[in-house]
Amino acid sequence: MNLLHSIAQSFAEGVFKLYNQEVDAHEVLINPTKKEFVGDFTIVVFPYSKPAGKAPAVIGEELGQHLVKNSNYVDRYNVVNGFLNLSVNNVFWWECLNTMHQSPSYGLSEKNGHKVLVEFSSPNTNKPLHLGHIRNILLGWSVTSILEACGYEVIKTQVINDRGIAICKSMLSWVKFGGGVTPAEAGIKSDHFVGNYYVIFENKFQEEYKTWQESESGQQLLKEKGIEEENAASFFKEYKNQYFNLYSTLGKEAREMLQQWEAGDPAVIELWTKMNDWVYQGFESTYKNLGVSFDKNYYESETYLLGKETVAIGLEKGVFQKEDDNSVWIDLTDVGMDRKIVLRSDGTSVYITQDIGTAMLRYKDFGTEKMIYTVADEQDYHFKVLFEILKRLKEPYADGLYHLNYGMVDLTTGKMKSREGTVVDADDLMAEVIEEAAAGSSERGELANLSKAEQDAIITKIGMAALKFFILKVQPRKRMTFDPKESLDMQGQTGPYIQNAYVRIQSIFRKGGSFSLLNQSIQETLEPSEKSLLTLLYSFPDVVQEAGKTYDPSHLANFCYVLAKEFHRFYHEVRILGAATEEEKAFRLGICQMTAIVIEKGMKMLGIEMPDRM
RNA sequence: GGUCUCGUAGCUCAGCUGGAUAGAGCAACUGCCUUCUAAGCAGUAGGUCUCAGGUUCGAAUCCUGUCGGGAUCACCA
């Protein structure tokens, strides 16, 4: 695949021959020519003007002549200002299509022998997955697929936050208010069931808090703090956590349960195991519907004590310092960060200590020199600190750490807040988008003579494509606003639009489009849309590499959209099965097939599947 | 307040390591189904790329600052 590179090579030789300047052919930028100008590809010659000591227009002219004479592909040229526009011959386009066809693994790199671990999803077990998780999961999954395409061996992992006060709240709530009912008996999806008891806990707690606020001790506190009556409401809002820890009965019970859990109380552990299993069952089905899976789960209950031994090593190395009260710290002020605690004065570990230990455990488990953490951008600082610590501890993988951060998802109605019930539930959202696809499909009637099962399979693909593409087309780093209406869109810049291009191609081949590309050449002048399609298809491997290098699936998503758009244009512009000559028909079918292959591969890397009809 | 991050059409977003007259979709309006699936195509309209400087032959893109949104600065996770 070095058609363009061969032109770049000739160009570099020309610069050397004519102006005695060494130019690396890889540095020569060749872009598709803009529609308003004549030509197929453009080289900007400004950069070579100064060293050559001649005006851009002059060297453009000279280099254009050189290329026509020395390149097998360049037919004609024209110069506009410092832009050298080249027109290439049919041999170029023919070889372009043919070489792509020759490569069964087009766009995919060979195995590079490197391993990378990708962490994503990372749910809490006290509530079901929501829209925020969906962005996380789709990003993580997509990056996984992209890195695999780039030749890495990828290990997909999630950290499950299965311990702590939150799950204890659900547990306590179920014990107190559940009456022994199981999810199956209640007929509720099991993770939602557990989540409901978390909500019940919060509601009961709020009631209790409210009562306390009006009680003597509540009023007493206001007096002590000198809070005016009109500020009481906002004061109590702020004070909630302290109330929970100091006065609340429910809070006390939940904390006791956590202590019992940590002490290994068999009854609590049994309850904990039972309720977490319910949650995992629920997650399992959500993951399945999202089309994702994991190679390895790390449970916080098993890792939350990790990292303590490391602190001793760090102390020896002088990376950490011990205070008089026995707490252990790291000083990062020399690189513009703060001092950070890594071990409490009572000798227990904190969040970041766990993460240090977990990173080491993962390296021991898999020997991965790269680790990617898919976590929202509110934790940017945490990961900056974590990576710096691991670097100072001279961990072998320290240079291969990457925080794949992404912006929060806002709703058009404001922020998602679980307590205010404004959370968009993952299962609900998927069901809704599939329902929308079903409505669109029955209106069109294309699937009418398929079986119910076949229809459902296709409709699911369409709905999920809409949802996934909607999320993944946006750069991860950007905060995104989620408009439910817009996410249900199936027209325009959407997943189904891209699927439609693929489906059209499949339909053509069903109508009898067999062809053979070998040993043919076409004489006809190519249509602009044919050239654009070939140019796009040709750039696919670069797009994959770019997406891999930047851990950014949105490059790929936008590429697929542009490719589909160009195909739809092509489809309207030319007749494919009804082409004038057999050669032309074969060439166009070749383009169609290649387009289908690239769309399918590219969308696969976004976790989106193609239906054969829709 | 310190640090990080985002700011492009009414809305949601592209715009690659600086390159020609800044692009899509949605929403509005106009056309196109006797021809390969109209979830499609073509067209009209919509912009001082927050603002101000700087570097450059050339800046939405790089640098400095400004204004605006967001995040973060726990012996919580």
Side-chain angles (χ1 to χ4, degrees), chain A residues 27 29 31 33-34 36-37 42 44 46-47 49-50 55-56 80-83 85 124 161 163-166 241 300 304 323 325 327-329 336-338 340-346 348-352 354-355 376-382 384 405 407-408 410 412 437 440-441 443-444 446 462 465-466 470 473-475 477-483 485-487 489-501 503-513 539 542-543 546 550 554-555 557-558 561-562 564-565 567-569 571-579 588 592 613-614:
Chain A
E27 307 280 300
L29 291 179
N31 297 313
T33 302
K34 302 232 169 200
E36 305 84 43
F37 299 92
T42 298
V44 182
F46 278 107
S49 159
K50 204 180 266 176
V80 182
N81 298 320
F83 299 91
N85 301 319
N124 295 318
N161 300 300
R163 64 166 287 277
I165 194 74
N241 279 336
E300 204 209 340
Y304 81 110
E323 292 284 302
D325 66 353
S327 60
V328 180
W329 297 74
M337 292 180 246
D338 302 311
K340 187 89 189 169
I341 192 160
V342 292
L343 207 62
R344 296 193 187 100
S345 46
D346 63 3
T348 57
S349 42
V350 291
Y351 179 42
I352 201 146
Q354 279 179 51
D355 271 1
D377 63 4
E378 56 189 356
Q379 296 206 38
D380 281 356
Y381 183 67
H382 171 76
K384 247 177 98 175
N405 63 346
M408 291 291 187
D410 290 316
T412 38
S441 176
E443 208 173 290
R444 287 158 55 84
E446 289 283 347
I462 297 170
F470 180 77
K473 71 177 178 182
V474 182
Q475 273 184 21
R477 187 172 260 109
K478 288 196 176 172
R479 219 183 158 83
M480 65 178 291
T481 33
F482 181 85
D483 184 342
K485 273 194 307 248
E486 223 175 298
S487 71
D489 242 323
M490 312 265 160
Q491 259 117 35
Q493 194 180 20
T494 66
Y497 173 95
I498 299 166
Q499 288 177 319
N500 188 226
V503 162
R504 281 179 149 178
I505 295 168
Q506 299 316 307
S507 175
I508 289 168
F509 282 106
R510 272 199 299 274
K511 291 260 152 74
S539 72
D542 291 339
V543 175
E546 176 71 13
T550 54
S554 74
H555 289 296
N558 286 298
Y561 171 67
V562 172
K565 188 173 168 58
F567 178 80
H568 282 306
R569 203 160 73 88
Y571 182 89
H572 277 269
E573 197 172 275
V574 306
R575 309 251 68 221
I576 296 156
L577 292 174
R588 286 177 181 168
C592 286
R613 49 187 89 214
M614 63 195 287

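Note on naming: letters A, B, ... go to the chains in the order of the sequence lines (proteins, then strands), and numbering restarts at 1 for each one.
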Next on the checklist: Going by the glycosidic torsion and a 90 degree boundary from 0, is the base of B:C33 oriented syn or anti?
Outcome noted: syn
Next on the checklist: Given 3.5 Å as the limit, does a donor-acceptor pair link the side chain of A:T550 with the main chain of A:E546, or not?
Outcome noted: yes
Checklist entry - Where the side chain of A:V350 is defined as all heavy atoms beyond and including C-beta, which of B:C6, B:U35, B:C75 is the nearest nucleotide? => result B:C75
Checklist entry - Under 6.0 Å from the six-membered ring centre of A:F567 and within 45° of its axis: does the NZ or CZ of A:R504 meet both? => result no
Item to check | Donor-acceptor pair (no angle test) under 3.5 Å: A:T42 side chain, B:A20 base | outcome: yes
Checklist entry - Nearest nucleotide by nearest heavy atom, which residue falls closer to the 5' end of RNA chain B, A:K473 or A:I576? => result A:K473
Checklist entry - Under 4.0 Å: is that the gap between some side-chain N or O of A:K34 and OP1 or OP2 of B:A20? => result yes
Checklist entry - For A:I508 and B:U37, what is the distance between atoms CD1 and C1' respectively, to the nearest whole Å? => result 10 Å
Item to check | Separation of the C1' atoms in B:A60 and B:C13, to the nearest angstrom | outcome: 15 Å
Checklist entry - The side chain of A:H572 lies closest to which of these nucleotides: B:C41, B:A77, B:A24? => result B:C41
Next on the checklist: I need the OH-C1' distance between A:Y381 and B:A71, as an integer number of Å.
Outcome noted: 14 Å
Checklist entry - Can you list the steps and then say if A:T33 with A:F83 is a side-chain contact (heavy atoms from CB on, under 4.5 Å)? => result CA-CA 10 Å; A:T33 302; A:F83 299 91; over 6 Å; no
Checklist entry - Roughly how many Å is it from CZ in A:F83 to C1' in B:G58, rounded to a whole number? => result 8 Å
Under 3.5 Å, side-chain donor or acceptor atoms of residues 572-579 of chain A against the rest of the protein: list the pairs with distances, not counting sequence neighbours.
residue : atom : partner : partner atom : Å
A:E573  : OE2  : A:S529  : OG           : 2.7

Checklist entry - For B:G15, does OP1 or OP2 lie under 4.0 Å from any side-chain N or O of A:Q475? => result yes
Checklist outcome for this item: With the side chain defined as heavy atoms from C-beta on, A:H555 is closest, among B:U3, B:G15, B:A24, to B:G15
Next on the checklist: Can you tell me whether the side chain of A:N85 and the base of B:A20 have a donor-acceptor pair closer than 3.5 Å?
Outcome noted: yes
Checklist entry - In whole Å, what is the span from the NZ atom of A:K50 to the C1' atom of B:U56? => result 9 Å
Next on the checklist: Is there aromatic stacking of A:Y561 on B:A24 here, judged by a ring-centre distance under 5.5 Å and a plane angle under 30°?
Outcome noted: no
Checklist outcome for this item: Whole-Å distance, A:N241 CG to B:A77 P, equals 13 Å
Checklist entry - Which of the following nucleotides, B:A77, B:C36, B:A71, is nearest to the side chain of A:R344? => result B:A77
Item to check | Candidates B:C41, B:C75, B:A20 - which lies nearest the side chain of A:V80 | outcome: B:A20
Next on the checklist: With rounding to the closest Å, how many angstrom separate the C1' atoms on B:G58 and B:C73?
Outcome noted: 42 Å
Checklist entry - Is there a donor N/O on one and an acceptor N/O on the other, under 3.5 Å, for the side chain of A:D325 and the base of B:C75? => result yes
Checklist entry - Does A:S345 get its side chain close enough to the base of B:C75, under 3.5 Å, for a donor-acceptor pair? => result yes
Checklist entry - Atom CG of A:D483 to atom C1' of B:G25: distance rounded to whole Å? => result 13 Å
Next on the checklist: Among B:C41, B:U35, B:U37, which nucleotide has an atom closest to any side-chain atom of A:R575?
Outcome noted: B:U35
Checklist entry - With respect to the side chain of A:Y571, which nucleotide from B:C36, B:U8, B:C26 is positioned closest? => result B:C36
Next on the checklist: Return the pairing partner of B:G53 with a 3.5 Å limit on both distances, Watson-Crick or G-U wobble; otherwise return none.
Outcome noted: B:C63
Next on the checklist: Only pairs with both distances under 3.5 Å count, Watson-Crick or wobble alike; so what is the partner of B:C4 in this structure?
Outcome noted: B:G70
Checklist entry - Which part of the nucleic acid does A:M480 contact within heavy-atom distance under 4.0 Å: base, sugar-phosphate only, or nothing? => result sugar-phosphate
Item to check | Close side-chain approach of A:N405 and A:Q379, heavy atoms under 4.5 Å | outcome: no
Checklist outcome for this item: The nucleotide from B:C41, B:U72, B:G25 with an atom nearest the side chain of A:Q493 is B:G25
Checklist entry - Who is the Watson-Crick or G-U wobble partner of B:G47, with both distances under 3.5 Å? => result none
Checklist entry - Is B:U17 paired to anything, Watson-Crick or G-U wobble with both distances less than 3.5 Å, and if yes, which nucleotide? => result none
Checklist entry - Do the rings of A:Y497 and A:Y561 sit parallel, tilted or perpendicular, given the 30° and 60° boundaries? => result tilted
Checklist entry - When the distance from CZ of A:F567 to C1' of B:C36 is rounded to whole Å, what number comes out? => result 9 Å
Next on the checklist: If the cut-off is 4.0 Å, is A:R588 near the phosphate of B:C36, judged by side-chain N/O to OP1 or OP2?
Outcome noted: no
Next on the checklist: When both hydrogen-bonding distances must be under 3.5 Å and the geometry is Watson-Crick or G-U wobble, what is B:C32 paired with, if anything?
Outcome noted: B:G40
Checklist entry - Are any of the side-chain heavy atoms of A:V342 and A:W329 separated by less than 4.5 Å? => result no
Item to check | Test side-chain contact (heavy atoms from CB on, under 4.5 Å) applied to A:N500 and A:H568, step by step | outcome: CA-CA 9 Å; A:N500 188 226; A:H568 282 306; 3.4 Å; yes
Item to check | Atom-pair distance (CG on A:D338; P on B:U3), nearest Å | outcome: 12 Å
Next on the checklist: Tell me whether the ring of A:F46 lies stacked over the B:G58 base, given a 5.5 Å limit on centroids and a 30° limit on the plane angle.
Outcome noted: no
Item to check | Candidates B:C6, B:C41, B:U37 - which lies nearest the side chain of A:K478 | outcome: B:C6
Item to check | Selection from B:A77, B:C75, B:C26 that lies nearest to any side-chain heavy atom of A:Q491 | outcome: B:C26
